[in-house]
Amino acid sequence: MIKELEYPFTLAKIRDLNVGQRVTISGRLFTGRDRFHKYLFDGGKCPVDLKDGAIYHAGPVAIRREGVWVIRVAGPTTSMREEPYMSRIIEQHRVRVIIGKGGMGEMTRKACVKYGCVYLQAIGGAAGLLAESIKEVHGVHLLAEFGAAEALWDLTVKGFSAVVTIDASGKSLHRRIERSSKKALEKILK
Amino acid sequence: MKNGHWEKNLFQLIRRTSVDLPSDVEAVIRRALKKERKGSHAWWVLNAILENVALSRKNDTPICQDTGSLTFYFGVPVGFDTNAIVAHTRAAVAKATRQGYLRQNTIDSVSGASYDTNIGSASPVFIFQQQARKKVDVRLIMKGGGSENMGSQYSLPDVGIHADRDLEGVRRCILDAVWNAQGNGCAPGILGVCIGGDRATGYKHSKEQFLRRLADKSRVKALARLEEKIMKDVFKLGIGPMGLGGKTTLLGIKIDSLSRVPASYFVTISYMCWAFRRRGVLLGPEGGVHRWLY
């Protein structure tokens, strides 16, 4: 069963999600990646209100057509690079949904439990498919500072597809696969 | 060298590479899908990948937003003007960026400034080789940063993973690299491996393995056997597409070797994501298309 999740992502909605559940997201979504996370971590002012919101680790291909921004494609980027910054951002801004690929580490997992947040994995490389669910570009922030790929894009999406891989109770599919594949590897090399 | 058709056709090469996954890669993904349990995460991911491939081909949009680093491999005749073709290629890259076939993906490493055109000191990368034939052989590989970050180089012996200086040691390095990568390189991936060489040539040669078709087997029997064995090993790891579990962790592996000095024994592994963007073209003396490759 695919669960529909709509902005604002309140604590009650988030606590209801479990690892392995597939979801579709609708409503407001902010992109942010390497420089944005470092910027917030260092105390930079956030140009949007992230409370009960979602950060999507992505750097889209965006072009300007007749003065209007068009997101051509936008798939997820590797989330692990934001591991040093993510937990503080969750704590300070009360972001409730992180979307990316590859999963995140212990600090983020613990912050998900403590503050009520989930990590969703989107399909890496499926950039055109995911861009299909972008219905509107409201604006772009920090564009001059960070460039188009690293800017904060303020989007509205509908039916954006992902799977819960770290839930608010602290279960992590990434940790599970890491452990089971380690065991399999040891068996192969015996 | 006059501009002629050069810039136009180099632009077409970039466009095709960005939007159209090679048919041998797509066929292997299709075969992998049949091995996954219906309804599983692996099945869901592979289906979405195939849907995305069809969509980007139809909509003429990049397969992946990370249009990556561009490496051009040129095979050129004797006396060929390489400076001129570098200029034409750069112009084609800038145009492809303006039109949204490439993301603004090039950054000044000190100031952090983003270059609008994707033309930087290491972007795109040019590798030239002189050939006896009259035609110009151009191949392009676009490789995303997520997969590039999963590359690794081992210096053998490596006590940590019990890898000695033999093919069993090489196997241990490769399996270690696959485990470390988990889903982070956008699995199911393709590995290019170089045994030997120095640190720089090792990486260069490991990436050149991506020019081989997926069905290609090493002509060195021991390496062909190793390629086959790794594929069987990896099947049992259970990492799966995007690291969400499943059978398909790799789509292929290509291994080759270079000579080395007695003191060094490097095993260098480059990881390519499933969005394996590789295209090529044979161009005539005026830059006209003789034949598309792959």
Side-chain angles (χ1 to χ4, degrees), chain A residues 2 20 22 31 34-35 38 58-65 70-81 100-103 121-132 143-151 161 163 165 173-174 176-178 180-189, chain B residues 19 41 44-45 48-49 51-56 58-59 61-67 98-105 107 112-116 144-146 149-150 161-162 171-172 175-176 178-179 182-187 233-234 236-245 249 273-275:
Chain A
I2 296 169
R22 249 169 259 160
T31 71
D34 307 70
R35 295 187 70 183
K38 172 94 168 46
V61 177
I63 52 169
R64 242 189 145 109
R65 236 179 240 149
V70 180
I71 305 276
R72 272 167 68 83
V73 288
T77 190
T78 308
S79 299
M80 205 56 184
R81 292 193 307 270
K101 75 175 172 83
Q121 162 118 2
I123 299 173
L129 200 59
L130 292 169
E132 291 266 291
L143 179 66
E145 294 87 339
F146 299 163
E150 298 235 28
S161 188
V163 57
T165 54
L173 181 62
H174 309 286
R176 196 200 298 163
I177 300 281
E178 231 175 82
S180 62
S181 58
K182 187 78 183 179
K183 269 192 198 149
L185 179 62
E186 280 161 5
K187 209 170 141 194
I188 291 166
L189 292 177
Chain B
V19 309
H41 293 322
W44 169 65
V45 169
I49 284 173
E51 202 182 324
N52 184 70
V53 166
L55 194 70
S56 52
K58 182 179 126 232
N59 291 350
T61 51
I63 296 166
C64 176
Q65 80 290 338
D66 188 353
T67 52
R98 281 194 303 275
Q99 296 198 7
Y101 292 109
L102 298 175
R103 181 171 72 180
Q104 290 178 2
N105 218 28
I107 311 251
S114 172
Y115 299 156
D116 293 344
N149 290 347
M150 293 300 116
I161 56 168
H162 310 290
R171 174 175 167 246
R172 283 172 179 264
L175 292 174
D176 185 63
V178 172
W179 184 81
Q182 291 288 313
N184 278 317
C186 280
D233 287 339
V234 163
K236 297 177 198 151
L237 285 180
I239 294 170
M242 298 317 294
L244 299 175
T249 303
C273 55
W274 67 258

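No hydrogens, no waters, no symmetry mates; every other heavy atom, side chains included, goes into these values.
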Can you tell which part of B/Trp44 gets under 4.5 Å to a heavy atom of chain A, answering side chain, backbone, both or neither? both

Give, for atom CD1 of A/Ile71 and atom CD of B/Gln65, the distance between the pair rounded to the nearest 0.5 Å. 10.5 Å

Among A/Pro76, A/Ala184, A/Ser181, which residue has the highest count of heavy-atom pairs closer than 4.5 Å to chain B? A/Ser181

Check the pair A/Ile123 / B/Ile49 against side chain to side chain contact (heavy atoms under 4.5 Å, CB included), numbers first and verdict last. CA-CA 8 Å; A/Ile123 299 173; B/Ile49 284 173; 4.2 Å; yes

Among A/Thr78, A/Leu173, A/Ile63, A/Leu185, residue most engaged with chain B (heavy-atom pairs, under 4.5 Å): A/Leu185

Measuring heavy-atom distances to chain B, does A/Lys182 have an atom under 4.5 Å in its side chain, in its backbone, in both, or in neither? both

Region of B/Ala275 that comes under 4.5 Å of a non-hydrogen atom in chain A: neither

Using non-hydrogen atoms and a 4.5 Å limit, figure out which bit of B/Asp66 sits close to chain A: side chain, backbone, both or neither. neither

Taking all atoms of both residues into account, what is the closest heavy-atom pair of A/Val61 and B/Leu102, and its distance? CG1-O, 4.3 Å

Identify the two heavy atoms, one from B/Thr61 and one from A/Arg72, that lie closest to each other, and give their separation to 0.1 Å. CA-NH2, 3.7 Å

Would you mind telling me which of A/Arg81, A/Arg64, A/Gln121 has the largest number of heavy-atom pairs within less than 4.5 Å of chain B? A/Gln121

Can you tell me how far the NE2 atom of A/His174 sits from the CD1 atom of B/Ile239, to the nearest 0.5 Å? 13.0 Å

B/Asp116 portion near chain A, given a 4.5 angstrom heavy-atom threshold: neither

Where on A/Ala126 is there a heavy atom nearer than 4.5 Å to chain B: the side chain, the backbone, both, or neither? both

Just do the side chain to side chain contact (heavy atoms under 4.5 Å, CB included) check on A/Glu132 and B/Asn59 with the steps written out, would you? CA-CA 11 Å; A/Glu132 291 266 291; B/Asn59 291 350; 3.8 Å; yes

Non-hydrogen atoms of chain A under 4.5 Å away: do they reach the side chain of B/Gln104, the backbone, both or neither? both

Identify the two heavy atoms, one from A/Ile188 and one from B/Asp233, that lie closest to each other, and give their separation to 0.1 Å. CD1-O, 3.2 Å

Most heavy-atom pairs under 4.5 angstrom with chain A, which of B/Ser114, B/Ser56, B/Pro62? B/Pro62

Best-contacting candidate, A/Lys101, A/Glu178, A/Lys187, against chain B by heavy atom pairs under 4.5 angstrom: A/Glu178

Which of the residues A/Pro60, A/Gly75, A/Ala74, A/Ser161 is involved in the greatest number of heavy-atom pairs with chain B at under 4.5 angstrom? A/Gly75

Do B/Arg103 side-chain atoms and A/Ala149 backbone N/O form a donor-acceptor pair below 3.5 Å? no

Heavy-atom proximity to chain A below 4.5 Å, by part of B/Leu237: both

Which one wins on heavy-atom pair count under 4.5 Å against chain A: B/Gly144, B/Gly100, B/Gly185? B/Gly100

First locate atom CG of A/Leu189, then atom CZ of B/Arg172, and finally report the distance between them rounded to the nearest 0.5 Å. 4.5 Å

Need one label for A/Arg22: side chain, backbone, both or neither, based on atoms under 4.5 Å from any heavy atom in chain B. side chain

Residue selection (most heavy-atom pairs with chain A, distance under 4.5 Å) from B/Cys186, B/Ala54, B/Gly183, B/Gly245: B/Cys186

Which atoms of B/Arg98 come close to chain A, meaning under 4.5 Å heavy atom to heavy atom: side chain ones, backbone ones, both, or neither? backbone

A/Gly128, A/Gly125, A/Gly147: which one forms the most heavy-atom pairs within less than 4.5 Å of chain B? A/Gly125

Looking only at heavy atoms, which two atoms of B/Met242 and A/Ala122 are closest? And how far apart? CE-O, 4.5 Å

How far does CG of A/Leu129 sit from CD1 of B/Ile63, to the nearest 0.5 angstrom? 13.0 Å

